[in-house]
Amino acid sequence: MTPIYFTIASAFILGLTGLAFNRSHLLSALLCLEGMMLSLFLALAIWSMTMNSPSLSLAPMILLTFSACEASSGLALLVAATRTHGTDHLNNLNLLQC
């Protein structure tokens with residue numbers, strides 16, 4: 001395993017463990033998801049460059065587009081939750097209440 005692949009894999013696993021074990025704030029969960037998406041983007045971009053296929057060069061841009069949509073919807077949920085509940089603590093958010 002080359003050092004660049006090890007770095008990308010460790011960044012993804014670090015984001016996954018941060019998402020699994022740190023569930024206190026919504027903002028920290030969104031940052032962990034963003035780190036995972038960026039490591040996937042880097043892995044897909046490097047993989048498409050090493051394959052030298054023109055059909056694979058569009059895949060990182062599609063993933064980056066979905067990542068931007070995920071970030072914007074996550075921030076919109078963060079703002080809505082903060083306005084209604086007054087905080088972004090995940091323990092205070094009850095999804096069964098309106």
Side-chain angles (χ1 to χ4, degrees):
M1 180 180 270
T2 61
I4 190 88
Y5 291 130
F6 177 73
T7 305
I8 291 172
S10 63
F12 182 80
I13 290 178
L14 185 66
L16 188 63
T17 56
L19 185 63
F21 294 129
N22 191 9
R23 294 186 180 189
S24 60
H25 293 282
L26 182 60
L27 185 61
S28 64
L30 290 175
L31 284 174
C32 289
L33 281 174
E34 235 2 84
M36 288 170 58
M37 288 299 286
L38 285 176
S39 65
L40 283 176
F41 169 73
L42 286 175
L44 192 60
I46 290 172
W47 180 68
S48 66
M49 284 175 33
T50 57
M51 295 298 281
N52 288 333
S53 176
S55 64
L56 293 176
S57 63
L58 191 61
M61 287 298 135
I62 293 172
L63 183 70
L64 195 61
T65 304
F66 284 131
S67 176
C69 292
E70 176 258 335
S72 66
S73 63
L75 286 176
L77 285 173
L78 176 70
V79 168
T82 305
R83 284 186 180 171
T84 58
H85 297 286
T87 183
D88 69 334
H89 288 284
L90 290 177
N91 296 333
N92 295 340
L93 298 177
N94 189 359
L95 295 177
L96 298 177
Q97 283 181 331
C98 290

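Values below: all heavy atoms of this structure, side chains included; hydrogens, waters and symmetry mates excluded.
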What distance separates Glu34 CD from Leu27 CG, expressed to the nearest 0.5 Å?
-> 11.0 Å
What pairs of donor and acceptor atoms, side-chain ones from residues 75-82 against any protein atom, are under 3.5 angstrom apart with sequence neighbours left out?
unit_1, atom_1, unit_2, atom_2, d
Thr82, OG1, Leu78, O, 2.7

Measure across Leu56 and Met51 and return the closest heavy-atom pair with its distance rounded to 0.1 Å.
-> CD1-CB, 3.8 Å
Could you state the interatomic distance from CD1 (Ile46) to CZ (Phe41), rounded to the nearest 0.5 Å?
-> 9.5 Å
How long is the span from the CZ atom in Phe12 to the CG atom in Leu38, to the nearest 0.5 Å?
-> 12.0 Å
Here the side chain to side chain donor-acceptor pair (under 3.5 Å) pairs for residues 43-63, sequence neighbours left out, are Ser53-Ser55
Can you tell me how far the OG atom of Ser28 sits from the CG atom of Leu33, to the nearest 0.5 Å?
-> 10.0 Å
Starting at NE2 of His89, measure out to CG of Leu26 and round the result to the nearest 0.5 Å.
-> 11.5 Å
Look only at the side chain of Ser67 and the backbone of Leu63, and say whether a donor-acceptor pair between them is shorter than 3.5 Å.
-> no
Is the shortest heavy-atom distance from the side chain of Thr7 to the side chain of Leu42 under 4.5 Å?
-> no
Point-to-point distance, once rounded to the nearest 0.5 Å, from CD1 of Ile8 to CD1 of Ile13 | 12.5 Å
Between His25 and Asp88 the two heavy atoms that sit nearest each other are ND1-OD1, 3.0 Å
What are the two closest non-hydrogen atoms of Cys32 and Leu19, and how far apart are they?
-> SG-N, 3.7 Å
